[in-house]
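Worksheet: one structure, shown below.
Fair warning: this is a prediction, and the values are worked out from it, not measured in the lab.
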Amino acid sequence: MAAQVQRMSRLMVKTLRDDPADAETLSHKLLVRAGYVRRNAAGIWSWLPLGMRVLENVARVVREEMDAIGAQEVLLPALLPKEPYEATGRWNEYGAELFRLQDRKGADYLLGPTHEEIFTLLVKDQCTSYKDLPVILYQIQTKYRDEARPRSGILRGREFQMKDSYSFDTTDEGLAESYRLHREAYIKIFQRLGLEHRIVSAVSGAMGGSASEEFLAPAPAGEDTFVYCPSCDYAANTEAVTFKAASPADASAHGPVEELDTPDTPTIETLAEHLGVPASATLKNLLVKVDGEIVAVGVPGNREVDLGKLTDHLAPAVVELVTAEDFEGRPDLVRGYVGPQGLEKVRYIADPRIAPGTAWITGANKPDTHAKNVVCGRDFQVDDHLDVVVVEDGDPCPSCGTGLKLDRAIEIGHIFQLGRKYADAFQLDVLGQNGKPVRVTMGSYGIGVSRAVAALAEQHADEQGLCWPREIAPADVHVVAAGKALQTELALDVAEQLGAAGVRVLVDDRAGVSPGVKFTDAELIGVPQILVAGRRSAEGVVELKDRRTGAREELPVAEAIARLLG
């Protein structure tokens with residue numbers, strides 16, 4: 001079947017020699033410079049013709065693998081009514097990230113960030129019997145989230161393309177099977193796209209549910225940090241890493257609480273230096289507000305509180321840091337000198353390392369004063385032990401004990417076993433085999449389609465520009481006419497022959513553009529194969545170059561065409 005031959009003389013593309021001033025990540029720089037995308041406003045991007053080809057190729061691969069597991073494509077609206085999201089609590093839980101708007105009659109709507117509620121209502125309307133299930137539905141659609149700091153080009157925007165799919169089963173075993181099908185489909189998708197990826201354990205967060213895994217594409221520009229064990233197959237998002245609780249200690253081994261005069265030591269660093277003790281001997285107490293109520297979080301002084309972990313543990317509650325105003329009227333809260341002993345009406349959360357019987361140096365709840373021999377379980381009680389510390393390089397692997405390694409990555413996919421959270425909210429039941437109602441169980445599965453383009457650009461580039469994998473490249477071959485009429489004629493002839501044989505061709509036939517600019521643009525645009533009609537065109541010889549490896553070869557036209565067709 002013949003394929004399109006796209007002439008650059010007729011293509012809307014404007015390449016840039018310099019990086020955009022606001023670009024920090026490689027993908028942001030190259031996708032703009034090569035003419036794939038253009039910025040309209042913060043976090044809002046236009047996809048130009050070359051970019052649309054890559055985006056559609058990613059979507060095609062996703063569709064093919066979703067269809068292969070029996071999923072059915074639908075398209076739901078992006079403009080959604082408020083009521084379903086109120087029913088699940090997510091109208092408020094999403095907070096400032098949700099785009100809210102009203103129609104002319106004052107009714108509330110939102111721009112969909114994700115569609116669990118709407119898919120649940122669709123299945124409730126369409127499926128009434130166990131015979132209608134299992135079913136997997138999916139869509140590829142634009143999503144909207146009001147990012148506080150959109151950045152990194154299309155990696156973190158206010159609108160983005162996403163494939164979201166949802167499975168509906170009558171049993172937990174059925175859900176597990178739907179989850180397995182998606183997991184295997186995602187592996188095939190990312191392999192076909194040419195994305196190096198890691199599958200890591202994750203937390204469900206505001207999505208709800210139990211089992212959850214992320215698909216991460218390692219890249220320096222990634223905003224996700226994950227850990228992996230060099231000795232076993234353990235890998236997890238840092239927010240999902242949990243460590244074993246420390247063993248209880250003998251409280252009787254410690255003397256009574258003793259107050260210490262510690263002027264001008266409001267930080268762990270100043271305290272440790274003043275007393276000549278390691279920071280690990282101290283107890284750090286961070287004050288936060290959970291749905292407006294002050295909560296203290298205790299961790300060893302040499303560790304930091306991971307607010308993301310804490311927020312996930314306490315979801316759907318809103319977690320905020322305290323401000324200076326929160327200390328007013330609270331004499332029991334002394335800034336810089338807070339200790340868990342004697343706190344009044346304050347919930348105390350502690351890291352599992354703060355085990356019963358362990359003794360600490362911590363604030364004495366008095367200005368310029370700390371206390372030592374403050375023993376957990378004797379001098380203060382812990383309301384909840386939660387793993388909330390920032391994971392560090394070298395922390396023991398929860399599986400085998402080897403020191404963990406940290407790496408950066410881009411989240412490209414996420415799969416959840418939601419269970420019955422949304423089915424319960426909307427009473428999604430079907431008639432079972434015994435004639436009684438059966439509550440449906442759900443899974444939710446997402447792939448960032450536009451984000452995958454950015455991840456590919458991060459992983460497949462060099463100093464000259466992009467190096468797309470063939471599966472998603474905007475063309476298979478970039479034919480370059482070096483400039484003279486004979487060379488242009490040969491380039492167009494070769495392009496037509498390739499196109500007639502089903503090869504996707506981009507041919508640079510621009511007049512008045514120097515060969516050097518054409519070669520630079522070909523490297524920047526990143527099509528897998530570059531064919532140059534150059535100095536030996538009169539002899540019927542062209543140069544064939546592999547964009548990724550840089551390998552070059554001069555071949556007769558017929559042999560070059562045969563090589564590309566092969």
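In this structure, the side chains of L404 and P398 come closer than 4.5 Å at one or more pairs of heavy atoms. In this structure the side chain of L260 reaches within 4.5 angstrom of the side chain of E258, judged on heavy atoms. A 4.5 Å side-chain heavy-atom check between L98 and D146 finds every atom pair outside the cut-off. Looking at R63 and I140, their side chains come closer than 4.5 Å, going by heavy atoms from C-beta outward. Contact of the T282 side chain with the T362 side chain is not registered, since no non-hydrogen atoms from C-beta on lie closer than 4.5 Å. Between M66 and E73, the closest side-chain pair of non-hydrogen atoms is not below 4.5 Å. Side-chain contact between V257 and R378: present, with at least one pair of heavy atoms (C-beta onward) separated by less than 4.5 Å. Using a 4.5 Å cut-off on side-chain heavy atoms (C-beta onward), V290 and V288 make contact.
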Going through the checks in order, is the side chain to side chain contact (heavy atoms under 4.5 Å, CB included) test met by T265 and T267?
CA-CA 6 Å; T265 57; T267 66; over 6 Å; no
Determine, step by step, whether Y445 and S167 satisfy the side chain to side chain donor-acceptor pair (under 3.5 Å) criterion, reporting the C-alpha distance in whole Å, the side-chain angles of both residues, the deciding distance to 0.1 Å, and the verdict. CA-CA 8 Å; Y445 319 88; S167 63; 2.7 Å; yes
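Checked by atom type, the side-chain pair H370/T262 shows a donor-acceptor distance below 3.5 Å. In the model, T238 has no side-chain atom that pairs as donor or acceptor with a side-chain atom of D306 under 3.5 Å. Side chain to side chain, Y179 and D169 fail the donor-acceptor criterion of an N or O pair below 3.5 Å. Using modelled atom types, one finds no donor on one side chain facing an acceptor on the other under 3.5 Å when comparing Y186 with E65. A donor-acceptor contact closer than 3.5 angstrom links the side chains of E214 and N237. In this structure, a donor-acceptor pair under 3.5 Å is present between the side chains of S444 and E116. Between the side chains of T402 and S231, at least one donor-acceptor pair of N or O atoms lies under 3.5 Å.
Checked against the 6.0 Å centroid threshold, F190 and F215 count as a close aromatic pair.
Between P113 and L110, the shortest heavy-atom distance links the atoms CD-CD1, 3.8 Å. Nearest heavy-atom pair across A202 and H414 is CB-NE2, 3.6 Å. Nearest heavy atom pair, residue N365 against residue G339, reads OD1-N, 2.9 Å. Contact detail for L287 and V338: the closest heavy-atom pair is CD1-CG2, 4.1 Å. Closest approach of A425 to T88, counting heavy atoms only: CB-CG2, 3.8 Å. Here the closest non-hydrogen pair linking V449 and A59 is CG1-N, 4.2 Å.
By the side chain to side chain donor-acceptor pair (under 3.5 Å) test, E471 is found to be paired with R60, R192, residues two or more places apart in sequence or in another chain being considered. Taking the side chain to side chain contact (heavy atoms under 4.5 Å, CB included) definition, one finds that T323 meets it with E325, D326, sequence neighbours left out. Contacts of R33 classified as side chain to side chain donor-acceptor pair (under 3.5 Å), with partners at least two apart in sequence or in another chain: none. Applying the side chain to side chain contact (heavy atoms under 4.5 Å, CB included) criterion to P300, with sequence neighbours excluded, gives N302, R303, D351, R353, I354, W360. For the side chain to side chain donor-acceptor pair (under 3.5 Å) test, residues two or more places apart in sequence or in another chain that qualify with K284 are E304. Looking at residues two or more places apart in sequence or on another chain, you find a salt bridge (charged side-chain N to carboxylate O under 4.0 Å, His left out) between D164 and K143. Not counting sequence neighbours, N92 has no partner by the side chain to side chain contact (heavy atoms under 4.5 Å, CB included) test. Checked against side chain to side chain contact (heavy atoms under 4.5 Å, CB included), R548 has the following partners two or more places apart in sequence or in another chain: H460, C467, P469, D546. Considering only residues two or more places apart in sequence or on other chains, S165 meets the side chain to side chain donor-acceptor pair (under 3.5 Å) condition with K163, H182.
Atoms OH and CG, on Y36 and L55 in that order, are 12.5 Å from each other to the nearest 0.5 Å. Put simply, CH2 on W468 and CG on N57 are 10.0 Å apart, with the number rounded to the nearest 0.5 Å. Summarising the geometry, atom CD1 belonging to I69 is positioned 9.5 Å from atom CZ belonging to R180; distances are rounded to the nearest 0.5 Å. To the nearest 0.5 Å, atom CD1 of residue I361 and atom CG of residue N373 are 8.0 Å apart. To the nearest 0.5 Å, atom CD of residue Q141 and atom OG1 of residue T114 are 10.0 Å apart. Rounding to the nearest 0.5 Å gives a distance of 10.0 Å between CD1 of I412 and CD1 of I189.
In this structure, R347 does not pair ionically with E293, as no charged nitrogen and carboxylate oxygen lie closer than 4.0 Å. Ion pair R198/D224 not flagged as a salt bridge, since none of the NZ, NE, NH1 or NH2 atoms sits closer than 4.0 Å to an Asp/Glu carboxylate oxygen. E97 has no carboxylate O lying under 4.0 Å from a charged side-chain N of R145, or vice versa, which leaves the two without a salt bridge. Salt bridge R90/E93: absent, no basic N to carboxylate O contact under 4.0 Å. Checked for salt-bridge contact, R158 and E147 miss the test: no charged N lies under 4.0 Å from a carboxylate O. For the pair R151 and E223, the salt-bridge criterion is met [side-chain N within less than 4.0 Å of a carboxylate O].
The stretch residues 378-413 participates, sequence neighbours left out, in these ring-ring contact (aromatic ring centres under 6.0 Å, His included) pairs: Y348-F380. Listed by first then second residue, pairs satisfying salt bridge (Lys or Arg N to Asp or Glu O under 4.0 Å) with a partner in residues 264-277 number zero, not counting sequence neighbours. Sequence neighbours left out, the pairs with a member in residues 452-466 that pass salt bridge (Lys or Arg N to Asp or Glu O under 4.0 Å) are D462-R547.
Each of D22, I154, L155 was compared with H28 under the side-chain contact (heavy atoms from CB on, under 4.5 Å) criterion, and only D22 meets it.
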